[in-house]
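Order of listing sets the numbers, starting from 1, for every ligand and every atom in it. What you see is a predicted model; the values in this text were computed from it and never measured.
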Amino acid sequence: MTTLPVSTFQAPRGTYDLLPPDSATFLAVREAISAPLRNSGYGYIETPGFENVELFARGVGESTDIVSKEMYAFTTKGGDELALRPEGTASVLRATLEANLHKTGSLPVKLWYSGSYYRYERPQKGRYRHFSQVGAEAIGTEDPALDAELIILADQAYRSLGLRDFRILLNSLGDKECRPVYRDALQGFLRELDLDEETRRRIEINPLRVLDDKRADVQKQLVGAPLLRDFLCDACKAYHEEVRELIGAAGVVFEDDEKLVRGLDYYTRTTFEFVHDGLGAQSAVGGGGRYDGLSEMIGGPALPSVGWALGVDRTVLALEAEGITLELPASTSVFAVPLGEEARRILFGVVTELRKAGVATDFAYGGKGLKGAMKAANRSGARYALVAGERDLAEGVVQLKDMSSGEQAPVALGELVATLQAKLA
Ligand code: AMP
């Protein structure tokens, strides 16, 4: 192996590093998306970054792009067949079943998660090989109010960030009664079309996904295709109508989109997608739906469930597209500037005291001169600088400088913590 100098390494294709100050926005988006969930009875779950590859093959579906083309699958030295997780739902359900959460607590089991996901996709703006989602799953209950709750909470999350230019697309994919009837009808229609080999194969494995084909020549031929809407059984129709009414009553605006199928096989009944109109090709900022059959597909009991995942990367891009800058408080409130060796030792102790008292404080490290240190204080965004030289300390004071007004006044060392706490409160 040739050894390369460190500086020649770059982040792998399709990935990027989150760096300050932008990373603060990323954290704030995660926080904003999860806040409505934490406020609605969802408990936090964390699962491993990789799982048995079979979980995704069965759960997400062999015929999906995610499993057939985009999975980072590998064999370990011990011979285990694993895959980096391409999505969250299958893992969360696996963990729920493994820990028997559906038996020990009341249903639904409501969980939220936040983490990294991996898909070997063709990278472009908004589409990465490593991306970040915040997701929610409500497991074990069939109740249209639960579907409505999740859609309303996602809407609330986006609105709390100030986003306006997003739309909610809603559809029902039917259940195991009516979907097969529709599937047959659709296959009959699709087999008559002029399509390439791969698409023809897809007709036989997963015909609904042909409707999702983005190519214009395919879309043209799809005009007049049978619509699932016309095949829904009465139970599915009533369920869907109830979901629509509940979200409408909550003041959430949505659009019926009978072509919405989504790229994962496990969905039944309610499916929805959040799209943002400022993002170009990768416009889906989040999506989800009901997956009543997934538990049985991975070996569990019948557990009708519903969930969503919102993409953090694309939500950040949506903020940029709408020109929204989140108001994030500076992470440092106080910046300490020592003048001289003795001051340095004493002021470092003061910094530790302030931090213990909950005041966000930073220090001019590296023996900078006054000018360089004040520049660092400025950059930190701190509201106050503490400046202390030998003479101040001999008098038992430090100079407290208000960084916005420039005013400066001595404060006794013993009163410093209380003074700053009061000023910052
Ligand atoms: P999905 O699991 O495909 O429904 O994705 C849910 C959300 O995750 C999407 O709406 C995107 O916001 C985000 N997402 C999915 N794949 C990617 C990707 N390759 N890069 C960035 N975000 C993604």
S.K.: Measure the distances from the heavy atoms of P86 to every atom of ligand 1 and state whether one is below 4.0 angstrom.
M.R.: no
S.K.: Give the numbers and elements of all ligand 1 atoms closer than 4.0 Å to a heavy atom of F131.
M.R.: 14 (N), 15 (C), 16 (N), 17 (C), 18 (C), 19 (N), 20 (N), 21 (C), 22 (N), 23 (C)
S.K.: Enumerate the atoms of ligand 1 whose separation from the nearest heavy atom of A309 is less than 4.0 angstrom.
M.R.: 6 (C), 7 (C)
S.K.: Below 3.5 angstrom, do we get any N/O pair linking G286 and ligand 1?
M.R.: yes
S.K.: Quick one: does G287 get an N or O within less than 3.5 Å of an N or O on ligand 1?
M.R.: no
S.K.: Ignoring angles and geometry beyond distance, decide whether R127 reaches within less than 3.5 Å of ligand 1 through its nitrogen or oxygen atoms.
M.R.: no
S.K.: If I apply the N/O under 3.5 Å rule, does A284 come out as touching ligand 1?
M.R.: yes
S.K.: Can you list the ligand 1 atoms lying under 4.0 Å from a non-hydrogen atom of G126?
M.R.: 20 (N), 21 (C), 22 (N)
S.K.: Should E87 be counted as touching ligand 1, given the test is an N or O pair under 3.5 Å?
M.R.: no
S.K.: Take atom NZ in K125; do more than 12 heavy atoms of anything else shown fall under 6.0 Å from it?
M.R.: no
S.K.: Relative to the ring of F74, is the ring of F50 parallel (under 30°), tilted (30 to 60°) or perpendicular (over 60°)?
M.R.: perpendicular
S.K.: Check ring-ring contact (aromatic ring centres under 6.0 Å, His included) between Y118 and all other residues, then give those that pass, not counting sequence neighbours.
M.R.: H130
S.K.: Check whether any N or O atom of D313, backbone or side chain, sits under 3.5 Å from an N or O atom of ligand 1, and answer yes or no.
M.R.: no
S.K.: Name every donor-acceptor pair, under 3.5 Å, that has one atom in a side chain of residues 354-365 and the other anywhere in the protein, sequence neighbours excluded.
M.R.:
unit_1	atom_1	unit_2	atom_2	d
R355	NE	T361	O	3.0
R355	NH2	T361	O	3.0
T361	OG1	V359	O	2.9

S.K.: Working to the nearest 0.5 angstrom, can you tell me the gap between L310 CG and S114 OG?
M.R.: 11.0 Å
S.K.: Stepwise, does the side-chain contact (heavy atoms from CB on, under 4.5 Å) test hold for D313 with F26?
M.R.: CA-CA 8 Å; D313 313 74; F26 208 88; 3.9 Å; yes
S.K.: I'd like to know whether CZ of F231 has more than 12 heavy-atom contacts from other residues, nucleotides or ligands below 6.0 angstrom.
M.R.: yes
